[in-house]
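To start, the structure itself, in structure tokens.
Throughout, a chain's letter reflects where its sequence line sits, starting with A, and its residues are numbered from 1. The basis for the numbers below is simple: all heavy atoms, side chains too, and nothing from hydrogens, waters or symmetry mates.
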Amino acid sequence: MLTLALIREETEEVIRRLKVKNFNAEHIVSRIIELDKNRRSLQHLQDSKQAELNKISKEIGIHFKEGRKQEAEMLRQKTADLKEEIKEINQQFEKNDMELHNLLIQLPNLPHPSVTPGRGAEDNIIVREGGKQPELDDNALPHWDLAKKYDIIDFELGNKITGAGFPLYKGKGAKLQRALISFFLDENEKAGYTEFMPPLMVNQDSGFGTGQLPDKDGQMYYVNADNFYLIPTAEVPVTNIYRDVILEADVFPVKSTAYTPCFRREAGSYGKDVRGLNRLHQFDKVEIVQIQHPDKSYESLEEMVAHVESLIRKLELPYRIVKLCGGDMSFTSALTYDFEVFAAAQKRWLEVSSVSNFESFQANRLKLRFREAGDKKTSLAHTLNGSALALPRIVAALLENNQTRKGIILPKILHGYTGFSIID
RNA sequence: GGAGGAAUGGCAGAGUGGUCGAAUGCGGCGGUCUUGAAAACCGUUUUCCGGGUGACUGGAACGGGGGUUCGAAUCCCUCUUCCUCCGCCA
């Protein structure tokens, strides 16, 4: 959520920059400014009426205490109109405020000035590539066939137990999941992130805090009986640790990591995008989250990008880093780098991580603030997060790229975690 | 799941209808004293929304929401959370 102060003071700039995200904000913004003006004059009116009422109430109290019943009674009659007026003004105020809030949450985050305009994925900018694409035979198998051949992931059984998009990992397949999770968590911890194991369901306030609600309502699984949402990413519970919190500036950067399963309804997805592990309803991911001083959040973003890159390099996978254009960026993000690995049998780039700076957009929803040492006033902190990493597509690439006649040879770094070096 | 009790500032804890944003203690910050520190003493100490260049000033908040009242931390309803007892249970 953008702050009112920003919209009020930098109106043209806000509209201009939202255009980079292909969002025409002119109407909403001008209405917001109108409602904001309205809000302040209504509040002023309400405050002064309330002050009057408070004053009279105090006088009545004094009269009663000193036994002047008649005077008290006279004053009491005076309050009726005043109360009615306040009630009416308050209703207007609340109506005004609701409309204001509803408009405010419709505005996406401003893209960073360096973000280029564009329609979608085709306009993203490749920042750099790394690793080596393997040369596979023509009869190389996509990972879903390999999973079957080596009996490590059973999609049909997952289907039977739950439904499409809920794979059943088995034997070395299951162990590989556990190994990757441990590997990622260990690496993140070495990079200074504190490990958390958060709840997998969140309430409405948390969903709102990180921006999933209300706009991505339909993308989350919802537990009706208790009004909970299954988390689509660990970002939600981990970032919400700091909802309604005021930090002292010397704690920055706050670095957290967590492994969780992630649940996504993925309504509207279809086709070859969803084959095998490419797109799932339940998948495993290790997430990193940072809370940082506004002056340093872009340093943190670069640091996170370098860290994620190091993980992929250790897994010896061919990858590229993509800077998203305005049109491909999420609602909440100011700047996003996507990481893609090359799955050599599918001959496709698969997104395995998305590292973003949300600046104060989430913090404003979360009421996550900080105070400079010795300062009295608070300001909004910046939040960032990224996958480090999401498992399924990493597994897809590992299986496809490392297939040999003998079996699938795992990168050395994982051997200590899996206890085996080949899936055969 | 059933029965009872509770929720107040960073923490502890008073306050049961009126000048209460809230006693007191601890902690924090500033000062006096001291070569320095401790102790002692003095002062200060929540957040949000407004008005004013500013001194300053209006309003809101005692778990959340609603109600009664001229007036609510205090009374009523409701939700949430915690504690005690019982039941069930990995």
Side-chain angles (χ1 to χ4, degrees), chain A residues 1-9 32-105 197-209 213 223-229 237 240-251 254 261 360 362-381:
Chain A
M1 191 161 65
L2 300 177
T3 62
L4 270 173
L6 180 76
I7 295 170
R8 202 160 52 212
E9 285 154 27
I32 285 174
I33 286 171
E34 195 181 330
L35 289 165
D36 178 48
K37 217 180 255 173
N38 219 6
R39 178 183 66 95
R40 280 182 292 165
S41 76
L42 281 169
Q43 188 183 342
H44 191 72
L45 191 62
Q46 190 182 329
D47 284 358
S48 62
K49 296 279 179 198
Q50 188 65 52
E52 207 177 320
L53 183 66
N54 287 347
K55 198 172 140 235
I56 294 173
S57 292
K58 250 175 208 177
E59 281 169 24
I60 291 175
I62 293 165
H63 282 315
F64 266 125
K65 213 167 210 175
E66 296 173 1
R68 291 190 297 270
K69 241 183 155 173
Q70 223 173 351
E71 284 93 329
E73 204 52 51
M74 267 166 60
L75 279 176
R76 197 151 80 174
Q77 277 162 21
K78 262 176 69 180
T79 61
D81 287 349
L82 210 46
K83 272 183 82 173
E84 196 54 44
E85 273 181 85
I86 289 170
K87 203 175 153 188
E88 217 166 276
I89 296 164
N90 184 255
Q91 274 169 6
Q92 282 181 53
F93 182 85
E94 273 176 10
K95 197 178 148 218
N96 190 83
D97 225 38
M98 200 189 295
E99 189 185 342
L100 181 59
H101 182 254
N102 285 340
L103 289 176
L104 266 178
I105 61 175
M197 194 175 267
L200 305 181
M201 297 187 204
V202 294
N203 59 29
Q204 220 165 347
D205 286 345
S206 293
F208 178 81
L213 293 174
V223 182
N224 199 34
D226 293 291
N227 200 221
F228 292 150
Y229 294 85
N240 271 281
I241 294 170
Y242 298 96
R243 171 153 50 87
D244 287 318
V245 166
I246 298 172
L247 297 165
E248 296 301 327
D250 61 7
V251 304
V254 179
S360 62
Q362 286 183 331
N364 192 30
R365 291 175 158 236
L366 292 158
K367 295 201 177 62
L368 162 50
R369 291 155 294 170
F370 74 98
R371 207 191 325 255
E372 302 282 6
D375 220 340
K376 223 177 145 61
K377 71 171 201 318
T378 60
S379 346
L380 294 170

Do A/Leu45 and A/Glu85 have side-chain heavy atoms sitting under 4.5 Å apart? no
Can you tell me if A/Arg39 uses its side chain to pair, donor with acceptor, with the backbone of A/Asn96 under 3.5 Å? no
Given A/Leu4, which partner from the list A/Leu35, A/Leu104, A/Ile33 fulfils the side chain to side chain contact (heavy atoms under 4.5 Å, CB included) test? A/Leu104
Does a side-chain heavy-atom distance below 4.5 Å link A/Leu366 with A/Asn240? yes
Separation of the C1' atoms in B/G18 and B/G71, to the nearest angstrom: 6 Å
Does some side-chain heavy atom of A/Arg371 sit less than 4.5 Å from a side-chain heavy atom of A/Lys377? no
What integer number of Å spans the C1' atoms of B/G9 and B/C48? 15 Å
Going by heavy atoms closer than 4.0 Å, what residues in residues 197-206 of chain A are next to RNA chain B? none
Across all strands shown, which nucleotide pairs with B/C75 by Watson-Crick or G-U wobble geometry, both distances under 3.5 Å? B/G67
Quantified in whole Å, what is the P atom distance between nucleotide B/G63 and nucleotide B/A6? 13 Å
Determine the Euclidean distance between corresponding P atoms of B/U8 and B/G4; express it in Å to zero decimal places. 22 Å
Please give the nucleotide sitting opposite B/U32 as a Watson-Crick or G-U wobble pair, both distances under 3.5 Å, or none. B/A40
Whole-Å P distance, B/U74 and B/U19: 14 Å
Taking atom types as modelled, find out whether A/Ser57 and A/Asn54 have a side-chain donor-acceptor pair closer than 3.5 angstrom. no
Produce a footprint string for nucleotides 46-62 of chain B: one letter per nucleotide, 5' end first; B if the base is under 4.0 Å from any protein heavy atom, S if only the sugar-phosphate is, - if neither. SSSBSS------BSS--
N-O pairing of A/Arg76 and A/Glu73 below 4.0 Å: yes
Could you tell me which nucleotide pairs with B/G4 by Watson-Crick or G-U wobble geometry, both distances under 3.5 Å, or answer none if nothing does? B/C83
Min side-chain heavy-atom separation A/Gln362-A/Leu368 under 4.5 Å: no
N/O donor-acceptor pair under 3.5 Å between A/Thr3 side chain and A/Leu6 backbone: yes
Give the minimum heavy-atom separation between A/Ala249 and A/Phe370, together with the two atoms involved. CB-CD1, 4.0 Å
Is there a side-chain contact (heavy atoms from CB on, under 4.5 Å) between A/Asn203 and A/Asn227? Walk through the geometry before answering. CA-CA 7 Å; A/Asn203 59 29; A/Asn227 200 221; over 6 Å; no
Give me the distance, rounded to whole Å, that separates B/U45 from B/A23 when you measure between the C1' atoms they each carry. 16 Å
Letter by letter from the 5' end, nucleotides 63-71 of chain B scores (B base, S sugar-phosphate only, - none; protein heavy atoms under 4.0 Å) -------BS
Watson-Crick or G-U wobble mate for B/C20, both contacts under 3.5 Å: none
Measuring only between side-chain heavy atoms, which start at C-beta, is A/His44 closer than 4.5 Å to A/Arg40? no
Which whole number of Å gives the distance between the P atom of B/A7 and that of B/A14? 9 Å
Rounded to whole angstrom, note down the P distance from B/U53 over to B/G66. 35 Å
Watson-Crick or G-U counterpart of B/G27, or none if no pair lies under 3.5 Å: B/U45
